[in-house]
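Reminder, nothing fancy here: chain letters follow the sequence lines and each chain counts from 1.
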Amino acid sequence: MGDEKALTRRAEDFSAWYNEVVLRAELADYSPVRGSMVIRPYGYAIWENIQRGLDGMFKATGHQNAYFPLLIPQSFLEREKEHIEGFAPEVAVVTHAGGRELEEPLVIRPTSETIIYAMFAKWVQSYRDLPLLINQWANVVRWEMRTRLFLRTAEFLWQEGHTAHATEAEAEEEARRMLGVYRQFMDEWMAMPPVLGRKTESERFAGAVRTYSCEALMQDNKALQAGTSHNLGQNFSRQFGLTFQSETGTEEYAWNTSWGVSTRLVGGLVMTHGDDVGIVVPPMLAPYQVVIVPIYRTDADRSVVLEKAHRVAALLRDEDIRVHVDGRDGMTPGAKFYEWERKGVPLRIEIGPKDVAQQQVVVVLRVAHGDVPRKESISDTGGLVTIPGRLHRYQAALFQAALERREANSHRGVREYSKLQELIEDTGGFVYAGWCGSAECERKVKEDTKATIRVLPFEEFRTPEAPDRCVVCGGEAVEEAVWARAY
RNA sequence: CGGGGCGUGGCGCAGUCCGGUUAGCGCGCCUGCUUUGGGAGCAGGAGGUCGUCAGUUCGAAUCUGACCGCCCCGACCA
């Protein structure tokens, strides 16, 4: 790969394209440990921006960060029956430490419900202690059979929110609120508009009463579960003795929620916006929103061009734009253009002797949308102030393009099973159709097409005319379902 | 775990079928000069126990056996 200049095209082999793009944009690299990856500085910078955005939103909704241990007593995991059944196959266990066998094995957290609710039980006595709204940024380990950079790795980074409430209604409200926070983040920061809804029983989180999900549609028309939020009911509070004394003096079990997004979002970003040149990063998440490439021939040109480049950079920094001057010598401008395009930088500014003489700069967008020219010259005086607006419009255009792609690949009102099969096999995308609510019909579709019900969509995503028949068995439809193959 | 592919300088590969003595090529890297508005050119240079172990042979990157690892496709999952 290293030297081959052209990337595999998406249409040719999407999966090969994805791997090449991730490696060549220097987002991540394979590590010596099977199934785990190294997140490189450029990829980590994107993750840091994701963290920054979400963290602000969590705090604005009243949550606080804390940190719980990586190692959990095995017995904790085993207390909630469904939970251990769901996670047992993929849990890594520490059996030895300090040179001898441990009395009780410790599991490396695949998720932290058990240890967190055990601690909540110590901290909560009264209804006055509720709600307890905690988030943690952490790593977790799930020993998956098959791994893919960012999308599924043995160890990954995420955030997991865990809350305790006095009433069922409050917990339900919280679970839905945080799903909404995810949606807002995916729309506004990632320009990756998801479809929201509830998971079916078979796709529900192990130990939850209800699971809600944000499902995004990738460019290969496969769905990506981008964020989930769970109403845990009292399943964990009962197992860990998380009780409180109510206003009327009775002892009650608390109601819990948990919700999370992971470094998988970076993979979603790649597969939502990337093209045959490389990744495309929305300005809100871009490590560099603007990269300035100086162009010069002589030493005299070099000093005046670099001087201007740094002056422009300083000006943009005053506007809170993340800007980088690529002053590397011995690399031609063309090579720099390709590199930053591969890395998805939203806006490039070229400054050469001509631009110094004419008091202008050349601005080039990573991707042109609509009538906006990809490349234009703008003046030093009136032009540079337009850059924040240009980035803003670019962000909006990426969102619009992703939304249009999602809708163009959403097939509504599918009534015949053969049509559903044909759509899944041939074109992919989200297939909206009626469902009778039976696990058998769900399983049949999975066996026949590998597609699953991604969500039972919330009202705003539903087709105006509700389906009356189950697309599989023809029985009465109780809900509209969104089917797709998924990552 | 089933199927497929692959382990050779930092990266990508050729050489392996048909063993033969200095193991090649491209990219990258280092030095110098010329270059620089879409992946620069020339010259010189550094860098390799050919995945591991055992065997066959006068001789193994090449043949045999075992093992290890990685990637891709599937079943399971954020």
Side-chain angles (χ1 to χ4, degrees), chain A residues 1-8 13-16 18-20 23-24 29-37 85-91 110-111 139-160 182 199 202-203 205-206 211 213-216 223-230 258-268 277-278 293-299 301-302 305 326-342 348-356 358 360-362 364 374-375 377 446-447 450 452 485-487:
Chain A
M1 229 173 309
D3 62 299
E4 284 160 45
K5 289 177 176 171
L7 223 47
T8 299
D13 184 344
F14 194 81
S15 175
Y18 176 81
N19 284 326
E20 285 177 32
L23 293 171
R24 290 178 62 180
D29 203 352
Y30 294 106
S31 87
V33 179
R34 184 202 75 91
S36 58
M37 67 170 186
E85 280 171 8
F87 282 104
E90 57 197 58
V91 164
T111 178
N139 58 339
V140 289
V141 169
R142 297 181 187 178
W143 215 256
E144 301 288 356
M145 286 302 187
R146 212 186 125 222
T147 57
R148 302 198 60 192
L149 294 169
F150 286 111
L151 300 174
R152 188 175 302 103
T153 46
E155 176 182 355
F156 57 93
L157 304 183
W158 76 346
Q159 62 64 219
E160 47 182 324
Y182 288 155
K199 285 289 192 183
S202 68
E203 299 275 324
F205 175 75
T211 289
S213 175
C214 292
E215 296 283 326
L224 184 76
Q225 182 172 306
T228 49
S229 183
H230 316 291
S258 70
W259 26 274
V261 300
S262 71
T263 37
R264 168 179 268 194
L265 288 179
V266 178
V277 175
V293 177
I295 299 161
Y296 45 80
R297 240 171 259 271
T298 64
D299 278 351
D301 281 348
R302 182 176 182 277
V305 162
D326 187 352
R328 286 175 293 181
D329 275 319
M331 195 170 174
T332 61
K336 292 177 182 177
F337 297 166
Y338 280 104
E339 177 172 333
W340 294 116
E341 283 174 6
R342 195 159 58 234
R348 174 174 80 233
I349 296 183
E350 304 172 10
I351 301 177
K354 284 182 238 166
D355 303 302
V356 173
Q358 293 168 34
Q360 62 172 31
V361 300
V362 175
V364 186
R374 180 166 132 78
K375 186 169 182 172
S377 298
K446 190 171 181 180
E447 276 164 19
K450 290 182 230 155
T452 49
R485 284 184 182 158
Y487 275 97

ask   = Tell me: CG of A:L149 to P of B:C77, nearest whole Å?
value = 22 Å
query = In whole angstrom, what separates A:Y182's OH from B:A78's P?
reply = 13 Å
request  = Could you tell me whether the side chain of A:L23 reaches within less than 4.5 Å of the side chain of A:L149, counting heavy atoms only?
outcome  = yes
request  = Indicate whether OP1 or OP2 belonging to B:U36 is found under 4.0 Å from a side-chain N or O atom of A:R297.
outcome  = yes
Under 4.0 angstrom between A:K199 side-chain N/O and B:C77 OP1 or OP2 = no
request  = May I have the distance from A:D301 (atom CG) to B:G37 (atom C1'), rounded to whole angstrom?
outcome  = 12 Å
ask   = Under 4.0 Å between a side-chain N or O of A:N19 and OP1 or OP2 of B:C71?
value = no
query = Quick one: is B:C11 close enough that its OP1 or OP2 comes under 4.0 Å of any side-chain N or O from A:Y30?
reply = no
ask   = With both distances kept under 3.5 Å, what pairs with B:G44, Watson-Crick or G-U wobble?
value = B:C30
query = So what does A:K450 hit on the nucleic acid, given a heavy-atom distance under 4.0 Å: a base, only sugar-phosphate, or nothing?
reply = sugar-phosphate
ask   = Atom CZ of A:R348 to atom P of B:G37: distance rounded to whole Å?
value = 12 Å
key: For atom CG of A:D329 and atom C1' of B:C33, their distance in whole Å   = 15 Å
request  = Determine the contact category for A:T153: base if any of its heavy atoms lies under 4.0 Å from a base atom, sugar-phosphate if only primed atoms, P, OP1 or OP2 are that close, otherwise nothing.
outcome  = base
ask   = Using centres under 5.5 Å plus planes under 30 degrees as the test, is A:F337 stacked with B:G38?
value = no
ask   = Okay, side chain of A:K336, backbone of A:R328: is any donor-acceptor separation there less than 3.5 Å?
value = yes
key: Modelled atom types, side-chain donor and acceptor of A:T211 and A:T228, under 3.5 Å   = no
ask   = What is the distance, rounded to the nearest whole Å, between atom CD of A:E144 and atom C1' of B:A75?
value = 12 Å
request  = Tell me whether the guanidinium CZ or amine NZ of A:R348 lies under 6.0 angstrom from the six-membered ring centre of A:F337 and within 45° of its axis.
outcome  = yes
